[in-house]
Each structure stands twice: as structure tokens, then as C-alpha cells.
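Only one structure is covered here, and it is reproduced in the block below.
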Amino acid sequence: MTLDRAAGLAETARALAAGDVTSRALVEGALARIEATQGSINAFRIVRAEAALAEAEAADRELAAGGRKPLLGVPVAVKDDMDVAGEPTAFGCCGQFPPVAEDGEAVRRLRAAGAVIIGKTNTCEFGQWPFTEGPAFGATRNPWSTAHTPGGSSGGSAAAVAAGLVPAALGSDGAGSVRIPAAWTHLVGIKPQRGRVSTWPRGESFQGITVNGTLARTVADAALLLDAASGNHAQDPHRPPAVDASAAVGRDPGRLRIALALTPPFTAVPARLRPEVRTRVVELADRLAALGHTVEEADPPYGQIGLTFVPRATAGIAERVAEAPFPALLDRRTRDAARLGRLLGGAPLRAARRAEAVLHGRIGGFFTSYDIVLAPTTAAPPPRIGALLELSGFATDRAMIAACPYAWPWNVLGWPGVNVPAGFTADGLPVGAQLLGPANSEPLLVQVAAQLEAELRWHEKWPAPPVTERSAAA
């Protein structure tokens, strides 16, 4: 038996456990697909060909001896902001970086679950922007339209999964960086509760706004990877109670009160929901209503939440820049953001951190009236490659906020959100919607996402193989 690119994470794990396929064969297939698409999709910064094959052979021996782990022998990818022992962690930056000595906690847990880490995926510089391009690696392209970005900053992970190079991948989300590329590549993307998947060796990444999350074609696969990666390092500052996301898949959520939130949160520059995105999100709302839920338009009381985001985000950039081995090679926008972060890193940052508790109380009160929120993930479809690459810092911020004003408040709050595919524009570009909940609500969000997936069957739609892949197959 062989498995093609359509095989998901759970299906692959079952086939391995049944002895229907070997891990080595799966890794060889994934490596061939990566090589064939690197010129067209460019999803990977590092491909661990030799190491992954050795890990696959070890997994095959363990499987033959009767070993059973959730992901034993399954190839997966991780974003290049996560430490993999023996590999550099460049996080989108130019220059030669030294290999790290140890796995980060999330990678360690994936290995403990038996996964084979096939490589590290591309991301923009320090994960700042909703596109995945830069002088360090070029442009990562959207499998649905290679003229467009897959989004960012987890664009490499999203592109790898959307193109079928791997069945699932880890990304990170500091302002929508899992949910945005999931929306723009027709994937399920889970941004979990802060601390659910450790960001260690950084206990708080970007002052607590960044979390690690999962990208997959189905809710079950995204939940399975989440469960495998979840858990904490002994020194993690955020340690939420455990949840079983996989057990929630297929469980009836009951009849819920769902707020359809179409108004962008407060931003300093204009943001407008594009009609073609609004239509797709409203169609999802109608589908939820047809499933028996009560859906009505209502917006969470965000207030001036943006004022708390900027100090945390820019202070986080300043911390990264201070550690960068080649600061002169950094994007001018990165250096400007770091200067702002140093200015805001004292009293404004402390005030922003204190405000989180107030926001929890105010926005948490909204969930006494509603169980979850349905909102657009982005306000616009994916931009074309290069559209944001050469802009000034201010112009980049304007373009970024105009396209992606909806995702970042949940990073300030630290609460879970799940992107689900919402369909396509008339031009065939994917767009998404996010299900948002209060603290530790991943199981409920997964239940609703799986309910929609059972109706819409989004995982059955695939992008056409890139030209280089078709040529290689021929």
C-alpha cells in the first residue's frame, strides 16, 4: 500500500500502525514532493533529508517491535521559529545561524509522540507580517495561486500542508500568523490558549502574544497535532488545564448562541471588510443557523484594545533584534519596530500587560450572552507576491491592518481561535472565518468546526499541482 499527498495525519498514523506502509516510504515521498515544489512553492527553509530518513528507519524498527505512539513514523514540519536540535533557527532572517543544541519543548513533544520532523518552513523576518517573503529565502507562494502569498507569518507551514507536502505542520500565531495563512490556503488553523503548546525556550514569546498552533486539512488532523504538541516545560509561566481536542471532534456541541462579528476592532488606520469575504462568512453563519444554532450580529466590546497590542508586539521585536547575530542585515522595518519597542518597553509595556486583566473581564462578559464568536479571519483575499515587500514601515502597517484587522485581539487576550475554510472568491482565492471563544474553549471550537466540516467537506478540494510537480510526476 502507498499513501498519496491526500492522506491526512490520522490516516497516515493508522496506516503505519497497521503495517500498511513504512515510515521510510512516507518520508521518501514527502522529500520527493518537497524537492519537486521547492522551485514553485518554496515552503521550506531547511529540509532534514538525511536526519529524517534515519528517524524514519528508527520509527519503523519501533513499529515492528510493537511500539505504538500517536504519530509514530509520521512526517510533519515545523516553522523556522522553533528549535530543532542540530539545526539553525533563523526565524526568517538573513545570515548564517549556528545550530541549536536542543529541541524546543513543542518539538520535543512531537518527537515523544513519534513524529519525524522533516524540515523547517519559511517565515517572514521575526514573524511580523502577513506574507512570507524576504531576502533570506525569496518568496513562498500560495499553492492555490502561485502569483499570491500564502499569508504569514506561518506561510511556509501553510503552503506545505495545502500543497500536500506534509499532512500537518506547526506554526506560530502572534497576530493571526496561524489563522491568516490557514484562511488564505484553505486549511484548518488552531491558535490555542496561551501556554497550551509551549513556546519554550521562550516562556513568553513576544511578551505573551505569540503561541504555537497547528495547520492541517481537517479538524481531526489539526486537533491530533495539537494534542501531540501540547504540554509545558517545567519553567513555563502559563500552564492552562489540559484539554483533549481530538475527543471533541464529532461530539455534538448542542445549540449554541453565536455572535457574528463583522465590524473590525478599533485600528488607527482604515480597515474595510471586502464584499467577497463578507459574503463567504455570512454564508457560514447561515449554515450554522441551519444546523440549529442561534446566530445574530454582535461585536465583542474591544474598546481601545489596539493600544495594548503595540507595546507588546514591538517590545518583542526589540528583544529579538537585540539577540540577532547580524543586525545590519535586518529589514529596515524590523529595525524601526525595534526602536519603537525600546521606547515603549517601560511604562507603556507594563500598562499594556496590566490591561489584559481588564480586557478579560470586559470581553469575558460578552460570553455570558454568547457561547462563541464567528468573525472573518481577514478582511481581504491574499495579496499578490511582492505587494507588501518593498513598502515603508508605515505603508506596510496600513496595508497589513487593511487586510488583516480581525485576528490580533485574541492574541492580546491569549484565548483560543480556529480558522475554518469559508470558500473562494470569484478569482478562486481561498478565504476563511474564525471561531473564537473564551479561555480554554478549544474543545467547543473544535466541535463546531468539525460540525461545519461534516457539512461542507472542504478537505475534499485541492489546488492543482504546481507545474514543477506535474513535470516531475510525468
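Position 1 is the first residue of the sequence, and the numbers go up from there.
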Can you list the steps and then say if V161 with T185 is a side chain to side chain contact (heavy atoms under 4.5 Å, CB included)? CA-CA 9 Å; V161 177; T185 59; over 6 Å; no

Do T377 and N419 have side-chain N/O donor and acceptor atoms under 3.5 Å apart? yes

Will you find, in the side chains of S153 and K79, an N or O donor that is under 3.5 Å from an N or O acceptor? yes

Main chain of F126, side chain of R320: is a donor-acceptor contact present, judged purely on distance under 3.5 Å? no

Give me the atom names and distance for the closest heavy-atom approach of P300 to A261. CD-CB, 3.8 Å

Strictly by modelled atom types, are N232 and R109 linked by a side-chain donor-acceptor pair under 3.5 Å? no

Does one side chain, of W458 or E453, offer a donor that lies under 3.5 Å from an acceptor on the other? yes

Pairwise side-chain contact, K191 with V418, heavy-atom cut-off 4.5 Å (strictly under): no

From I34 atom CD1 to N42 atom CG, the distance as rounded to the nearest 0.5 Å: 11.5 Å

Would you say T214's side chain and A222's backbone share a donor-acceptor pair under 3.5 angstrom? yes

Rounded distance (nearest 0.5 Å) linking atom CG of L445 with atom CG of L435: 6.0 Å

Would you indicate whether the side-chain heavy atoms of F131 and P383 approach each other to under 4.5 Å? no

So does R239 have more than 12 non-hydrogen atoms from other groups sitting under 6.0 Å from CZ? yes

Taking the side chain as everything from C-beta on, heavy atoms only, tell me whether P192 gets closer than 4.5 Å to P416. no

Locate the shortest heavy-atom distance separating L165 from R33; write the atom from each residue and the value. O-NH2, 3.5 Å

Heavy-atom side-chain proximity of D252 to Q447 below 4.5 angstrom: no

Approximate separation, where rounding is to 0.5 Å, of I209 CD1 and D173 CG: 9.5 Å

Between E283 and R280, is the closest basic N to carboxylate O distance under 4.0 Å? yes

Over 60° means perpendicular and under 30° means parallel, so tell me whether W410 and Y302 are parallel, tilted or perpendicular. perpendicular

Going by atom types alone, do N122 and T132 pair a side-chain donor with an acceptor below 3.5 Å? no

Looking only at atom types and distance, does a side-chain atom of R257 sit under 3.5 Å from a main-chain N or O of S369, one as donor and one as acceptor? yes

So, does N212 use its side chain to make a donor-acceptor pair with the main chain of S198 at under 3.5 Å? yes

More than 12 heavy atoms of other residues, nucleotides or ligands under 6.0 Å from CD of E35: yes or no? no

Measure from the side-chain N and O atoms of R251 to the backbone N and O of A247, and report whether any donor-acceptor pair falls under 3.5 Å. yes

Cut-off 3.5 Å, side chains only: do R196 and N440 have a donor facing an acceptor? yes

Would you mind reporting whether L71 and T12 have side-chain heavy atoms less than 4.5 Å apart? no

Distance only, no hydrogens: is a donor on one side chain within 3.5 Å (strictly under) of an acceptor on the other, for H238 and E204? yes

From Y370 OH over to I372 CD1, what is the distance, rounded to the nearest 0.5 angstrom? 12.5 Å

Geometric class of the F309/W408 ring pair [parallel <30°, tilted 30-60°, perpendicular >60°]: tilted

Backbone N or O of L273 within a donor-acceptor pair of the R278 side chain at under 3.5 Å? no

Thinking salt bridges, do E55 and R48 make one under a 4.0 Å N-O criterion? yes

Closest approach of L444 to P253 (non-hydrogen atoms, all atoms of both residues): CD1-CB, 4.1 Å

Counting only N and O atoms by type, is there a donor-acceptor contact under 3.5 Å from the side chain of R194 to the main-chain atoms of G208? yes

Identified side chain to side chain contact (heavy atoms under 4.5 Å, CB included) partner of V78 from the options V166, T121, L110: L110

CZ (R14) and CG (L9) are apart, to the nearest 0.5 Å, by 10.0 Å

Any donor-acceptor N or O pair under 3.5 Å, side chains T396, R333: yes

Would you say the side chains of T308 and E356 form a donor-acceptor pair under 3.5 Å? no

Just by modelled atom types, is the Y406 backbone N or O under 3.5 Å from a matching donor or acceptor in the Q434 side chain? yes

Validation row: C93, L330 side chains within 4.5 angstrom (heavy atoms): yes

When you look at V446 and I190, which way does the side chain to side chain contact (heavy atoms under 4.5 Å, CB included) test go after all the steps? CA-CA 9 Å; V446 164; I190 300 179; 4.3 Å; yes

Are P430 and W184 packed together at the side-chain level, in the sense that at least one heavy-atom pair is separated by less than 4.5 angstrom? no

Are the side chain of R179 and the backbone N or O of A407 linked by a donor-acceptor pair below 3.5 Å? yes

Please say which of L388, T149, D331 ends up in a side chain to side chain contact (heavy atoms under 4.5 Å, CB included) with W129. D331

Do you know which of D83, V76, V84 makes side chain to side chain contact (heavy atoms under 4.5 Å, CB included) with V107? V84

Below 4.5 Å, heavy atoms only, C-beta onward: do V295 and L374 meet side chain to side chain? no

When the ring centroid of H186 is compared with that of W144, is the distance short of 6.0 Å? yes

Under the side chain to side chain donor-acceptor pair (under 3.5 Å) criterion, do D80 and T123 qualify, and how do the steps go? CA-CA 7 Å; D80 193 28; T123 175; over 6 Å; no

Got a second to check how far L215's CG is from L226's CG, nearest 0.5 Å? 11.5 Å

Side chain of K120, backbone of P88: donor and acceptor closer than 3.5 Å? yes

